[in-house]
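Quick caveat: nothing in here was measured; it's all calculated off a predicted structure. Positions are given from 1 along the sequence.
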Amino acid sequence: MSEKKETSPALKRSWFQELKAEFKKISWPNKDRLFRETVVVLVSAISIGLIIVLVDWLLNLGLSFIW
């Protein structure tokens, strides 16, 4: 005996209105900040990738003497 819930248009409209109000509260970054943060993320990702490659290469080199 399950009951089907009917969503009225008023409920949908109020949900979208609340969503729009929440989006207005978001503080969006300006272009300069966005650019700086993007550069930081890219430099960090490349640096970590290079560190992983270096450690992998050193471990491979060290293990090649054992095997």
Side-chain angles (χ1 to χ4, degrees):
M1 321 287 174
S2 65
E3 296 179 19
K4 290 186 178 180
K5 291 185 177 181
E6 294 185 23
T7 57
S8 66
L11 288 176
K12 287 183 183 179
R13 184 177 25 182
S14 66
W15 185 82
F16 282 112
Q17 287 174 346
E18 289 177 19
L19 182 66
K20 187 177 178 182
E22 289 298 321
F23 266 97
K24 288 182 180 180
K25 293 179 186 177
I26 297 173
S27 61
W28 299 100
N30 57 16
K31 287 183 181 182
D32 294 333
R33 182 173 178 185
L34 183 64
F35 177 76
R36 283 186 280 131
E37 290 178 359
T38 302
V39 169
V40 168
V41 169
L42 290 175
V43 168
S44 300
I46 291 170
S47 299
I48 291 171
L50 290 175
I51 290 170
I52 291 172
V53 167
L54 179 64
V55 169
D56 182 50
W57 180 74
L58 289 173
L59 286 173
N60 192 13
L61 185 66
L63 290 176
S64 66
F65 289 117
I66 297 173
W67 295 94

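Sorted by first then second residue, the salt bridge (Lys or Arg N to Asp or Glu O under 4.0 Å) pairs that include residues 57-67, not counting sequence neighbours, number zero. Residue pairs meeting the side-chain hydrogen bond (donor to acceptor under 3.5 Å, both in side chains) criterion with at least one partner in residues 37-57, sequence neighbours excluded, are R33-E37.
When the side chain to side chain contact (heavy atoms under 4.5 Å, CB included) test is applied to L63, the partners found at least two apart in sequence or on another chain are I66, W67. In this view, K25 and E22 satisfy the side-chain hydrogen bond (donor to acceptor under 3.5 Å, both in side chains) rule, not counting sequence neighbours. Considering only residues two or more places apart in sequence or on other chains, F23 meets the side chain to side chain contact (heavy atoms under 4.5 Å, CB included) condition with L19, I26, W28.
Its side chain outside the 4.5 Å cluster rule for every partner, V41 clusters with none of the Ile, Leu, Val, Met, Phe, Trp and Tyr residues. Chaining together hydrophobic side chains whose heavy atoms lie under 4.5 Å apart leaves L34 on its own. Grouped by direct or indirect side-chain proximity (heavy atoms under 4.5 Å, Ile/Leu/Val/Met/Phe/Trp/Tyr only), V39 sits with F35, V43. Connectivity analysis of hydrophobic side chains (ILVMFWY, heavy atoms under 4.5 Å, direct or indirect) links L59 to I51, V55.
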